[in-house]
2 protein chains.
Amino acid sequence: MKSTTTKGSNAYAAACPTRVVLDRIADKWAVLILGLLQEEPIRFNRLRKQIEGISQKMLSQTLKKLERDGLVGRKAIPTVPVTVEYSITPLGRTLSAMLDGLRVWAETHIEKVLIAQKRYDSGSRGSR
Amino acid sequence: MKSTTTKGSNAYAAACPTRVVLDRIADKWAVLILGLLQEEPIRFNRLRKQIEGISQKMLSQTLKKLERDGLVGRKAIPTVPVTVEYSITPLGRTLSAMLDGLRVWAETHIEKVLIAQKRYDSGSRGSR
DNA sequence: CATACTTAGTATCGAATTGAAACCTAAGGA
DNA sequence: TCCTTAGGTTTCAATTCGATACTAAGTATG
């Protein structure tokens, strides 16, 4: 093996626990949630409004997983209708810093990807 | 064309094309495939053996999507049983560089995540 | 000649995940 | 009493996934 992923565990082994982390990272909702929490703690319904297209179920599920993994913290405040504030943990912050790179990549290279898709789709074997 | 939100395109809008890219990135198999191709072109069955747990179907599907997005190239070589070589494109390489960060993060912080999971699971409302 | 084996997929089917929508709980206000 | 808010959970259909089987074309083996 060469340089990139050669320190101890490797994600290419099915039994490696790194797969657990990779599965969490490879979740578009988790990426978006962590991105928002990076700036400030946010309540449940505000997250729901800011992330267009997410369902309550997926938001709830994803937050629970992120909390379990120690990436976000959950604080229930006993106000009138109880409000719950989600915040990013120091560990989550280190991950979100990595994910920032991805979000930027997506926004930077989206055009090239769309052009590639068009070319592929108009190619001979494109239609299916 | 960019979306009209605050800073260029933003992935938090459901209709934003950036979501397309985010969906591709948020795919554990794509992350692993790009990581392998980074080093050298690889054939289909070799990829299948190196990425433990991937099915032929998912490998085939994921490669097709990556090709469509212009992230990997496909070259069919008319050898005996035809061999097909997959390689990373320059565009794919810029993405994989970002993903390296994630793979390293996963391998570096796996222990902290597992500890957090244990603590969560033994916590008050952990099991149901 | 017939069978088995190769690579790179596709087809099919049950299982798991997701999405959309409705429902639930608890407290305050009209 | 009913409505509203906040934060979920439940339900069910649709999509996706994983495992297995099958295709194609050519080679090697018996």
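What you see below is based on every heavy atom in this structure, not just the backbone, and it leaves out hydrogens, waters and symmetry mates.
Using a 4.5 Å heavy-atom threshold, the side chains of Lys75(B) and Val84(B) count as separate. Looking only at side-chain heavy atoms (C-beta outward), Gln117(B) and Asp69(A) come within less than 4.5 Å of each other.
In this structure, the CZ atom of Arg48(B) is 11 Å from the P atom of dG9(C), given to the nearest Å. One atom, CZ of Arg46(B), and another, P of dG9(C), lie 17 Å apart when rounded to the nearest Å. Here dC24(C) presents its P atom at 18 Å from CZ of Phe44(A), a figure rounded to the nearest Å. Atom CG in Leu63(B) sits roughly 16 Å away from atom P in dT7(C) (whole-Å rounding). Between the C1' atom of dT18(C) and the CZ atom of Arg19(B) lies a distance of 14 Å, rounded to the nearest Å. A straight line from CD of Glu52(A) to C1' of dG19(C) spans 16 Å, rounded to a whole angstrom. One can place CD1 of Ile51(A) at 15 Å from P of dT18(C), the figure rounded to the nearest angstrom. Here the C1' atom of nucleotide dA6(D) and the CD1 atom of Ile77(A) are 12 Å apart, to the nearest Å.
Each of Pro81(A) and Ser60(B) lies near DNA chain C, and the nucleotide nearest Ser60(B) is the one positioned closer to the 5' end.
Comparing dA8(C), dG7(D), dT10(C) by their nearest atom to the side chain of Lys64(B) picks out dT10(C).
Side-chain nitrogen and oxygen atoms of Tyr86(B) include at least one within less than 4.0 Å of the OP1 or OP2 phosphate oxygen of dG9(C). Contact annotation: Arg74(A) side-chain N/O to dG8(D) OP1/OP2 distance is under 4.0 Å. An OP1 or OP2 oxygen of dT7(C) is reached within less than 4.0 angstrom by no side-chain nitrogen or oxygen of Thr79(B). Not one side-chain nitrogen or oxygen of Arg43(A) sits closer than 4.0 Å to the OP1 or OP2 atom of dG8(D).
Considering CD1 of Ile54(B) and OG of Ser60(B), their distance stands at 10.0 Å, rounded to 0.5 Å. Going from atom CZ of Arg24(B) over to atom OG1 of Thr62(B) covers 8.5 Å, rounded to the nearest 0.5 Å.
In terms of heavy atoms, Ile88(A) sits closest to Leu37(A) at CG2-O, 3.8 Å.
Within a 6.0 Å sphere centred on CD of Gln61(B), other residues, nucleotides and ligands contribute more than 12 heavy atoms.
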Protein within reach of the bases, or only the backbone? For nucleotides 13-22 of chain D, mark each nucleotide 5' to 3' as B, S or -, using heavy atoms under 4.0 Å. ----BBB-B-
Go through the steps to decide whether Arg103(B) and Asp100(B) satisfy the test salt bridge (charged side-chain N to carboxylate O under 4.0 Å, His left out), and finish with yes or no. CA-CA 5 Å; Arg103(B) 283 182 293 259; Asp100(B) 271 343; 2.4 Å; yes
